[in-house]
Q: 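Pasting in a structure now, in structure tokens, and then I'll have a few things to ask.
Index from 1, following the sequence. All figures in this text were calculated on a predicted structure; none of them were measured in a lab.
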Amino acid sequence: MTIVHGAPLSPFVRKVLITLEYKGVDYENNPVIPGAGDAAFQAISPLGKVPVFEDEYLTVPDSSVICNYLDERYPQPSIYPSSPVEKARALWFEEYADTKLVELLGGGLFFELLVAPKLLGRATDDKKVKQTLKALPRFLGYLESQVQKNNFIIAGQFTIADITVTSMFINAQYAGYSVDTHYWPKLAAYLEFVKEQHVFKHRLDEEQEMFKGLL
């Protein structure tokens, strides 16, 4: 039995679920939320974070470790390029998304505009939101220089880079933010292209149904 522990609205959980679905691996999802006091979850997540992956061979946290394991165990279709150069690029974009983009789009927008008021019952930190919006252009500009319209980051191949980068922007979208097509037209077109891929469309349809009250 393959289980992914963590609510699908987490971009890190989504990253793992999309990888599993892209590879055609059946799984169950336990939509646990960090900090909810679930003793069983705390026992398998030393850092108290999601996702945690569990199958008949191992139980392991961290989305990047999980995705690498899944690609080793289920090599086709691969989410990593075969070329060392392109694989390095894909891993870099994964890291860029998992660190800086999640800080801005996740913590600065999604958490403050959606999670805080609707799940935690506290007011949005407007100062943090303004600071985030002020900081974003620099990082969006970098992505604008790297992506292509209507293509994947690593041209011609759907990779972990597309999964991770796009997933962060989906969370920002849930919070009401969208990339300005005037300033970053290539990035906006790229994100729409990736979201139109079957595996993304299916995952987003599932999320909309599961969280329609919240969203």
Side-chain angles (χ1 to χ4, degrees), residues 8-15 18-19 22 63-64 67 79 81 85-119 123-205 207-208 211-212 214-215:
L9 274 187
S10 160
F12 299 107
V13 174
R14 184 185 300 115
K15 172 180 166 183
I18 285 177
T19 298
Y22 182 61
S63 63
S64 296
C67 289
I79 56 168
V85 172
E86 299 296 0
K87 183 175 182 179
R89 292 186 64 229
L91 291 173
W92 154 243
F93 283 109
E94 179 185 16
E95 179 67 12
Y96 187 72
D98 282 352
T99 53
K100 196 62 190 181
L101 292 184
V102 76
E103 173 192 326
L104 297 168
L105 301 174
L109 298 182
F110 176 73
F111 185 85
E112 289 300 333
L113 294 172
L114 189 69
V115 176
K118 292 199 173 186
L119 289 181
T124 294
D125 185 339
D126 293 326
K127 181 179 179 181
K128 185 173 183 178
V129 172
K130 289 179 182 178
Q131 290 173 337
T132 299
L133 293 174
K134 185 177 180 180
L136 262 175
R138 171 189 166 194
F139 300 97
L140 299 187
Y142 170 70
L143 289 174
E144 177 74 9
S145 73
Q146 299 296 306
V147 301
Q148 305 174 54
K149 289 183 178 179
N150 302 324
N151 209 334
F152 303 114
I153 293 181
I154 312 302
Q157 182 179 356
F158 180 69
T159 69
I160 192 67
D162 306 297
I163 295 171
T164 313
V165 169
T166 305
S167 188
M168 298 301 171
F169 281 94
I170 287 169
N171 277 62
Q173 178 183 317
Y174 286 155
Y177 176 83
S178 59
V179 173
D180 192 316
T181 58
H182 176 74
Y183 293 104
W184 303 288
K186 289 196 299 180
L187 176 58
Y190 159 77
L191 293 171
E192 290 306 310
F193 170 76
V194 176
K195 286 189 292 184
E196 283 300 312
Q197 304 307 305
H198 174 73
V199 68
F200 258 98
K201 288 184 63 123
H202 171 73
R203 174 94 314 266
L204 296 182
D205 287 344
E207 290 181 16
Q208 291 285 340
F211 295 101
K212 59 186 176 184
L214 175 65
L215 300 176

Q: If you compare all heavy atoms of Glu112 against all heavy atoms of Ala123, which two are closest, and at what distance to 0.1 Å?
A: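 So the minimum-distance heavy-atom pair works out to OE1-O, 4.5 Å.
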Q: Under 4.5 Å between any side-chain heavy atoms of Ile163 and Glu94, yes or no?
A: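 Contact flag for Ile163/Glu94 side chains = no.
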Q: In terms of the angle between their ring planes, are Tyr142 and Trp92 parallel, tilted or perpendicular, with boundaries placed at 30° and 60°?
A: perpendicular
Q: Mind telling me whether His202 and His198 have parallel, tilted or perpendicular rings, with 30° and 60° as the class edges?
A: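 Aromatic pair His198/His202 classed parallel.
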Q: Would you call Leu187 and Phe169 a side-chain contact if the rule is heavy atoms closer than 4.5 Å?
A: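 Yes - at least one pair of side-chain heavy atoms lies under 4.5 Å apart.
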Q: Side chains of Thr159 and Lys87: donor-acceptor distance under 3.5 Å anywhere?
A: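 No donor-acceptor contact under 3.5 Å links the two side chains.
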Q: If the plane angle is over 60° it's perpendicular, under 30° parallel, otherwise tilted; pick one for Phe139 and Tyr96.
A: tilted
Q: Do Lys134 and Lys130 touch side chain to side chain, with heavy atoms closer than 4.5 Å?
A: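 Of all side-chain heavy-atom pairs linking Lys130 with Lys134, none is under 4.5 Å.
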Q: Testing Phe158, Phe152, Phe200 one by one against Phe193 for a ring pair (Phe, Tyr, Trp, His ring centres under 6.0 Å), which residue passes?
A: Phe152
Q: Flag the pair Asp98 / Ser63 as yes when at least one side-chain heavy-atom distance between them is below 4.5 Å, and no otherwise.
A: yes
Q: Within the 4.5 Å heavy-atom criterion, are Ser10 and Lys15 side-chain neighbours or not?
A: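 Answer no - side chains too far apart.
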Q: Taking the side chain as everything from C-beta on, heavy atoms only, tell me whether Lys201 gets closer than 4.5 Å to Glu196.
A: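 In contact.
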Q: Within the 4.5 Å heavy-atom criterion, are Val102 and Phe110 side-chain neighbours or not?
A: no
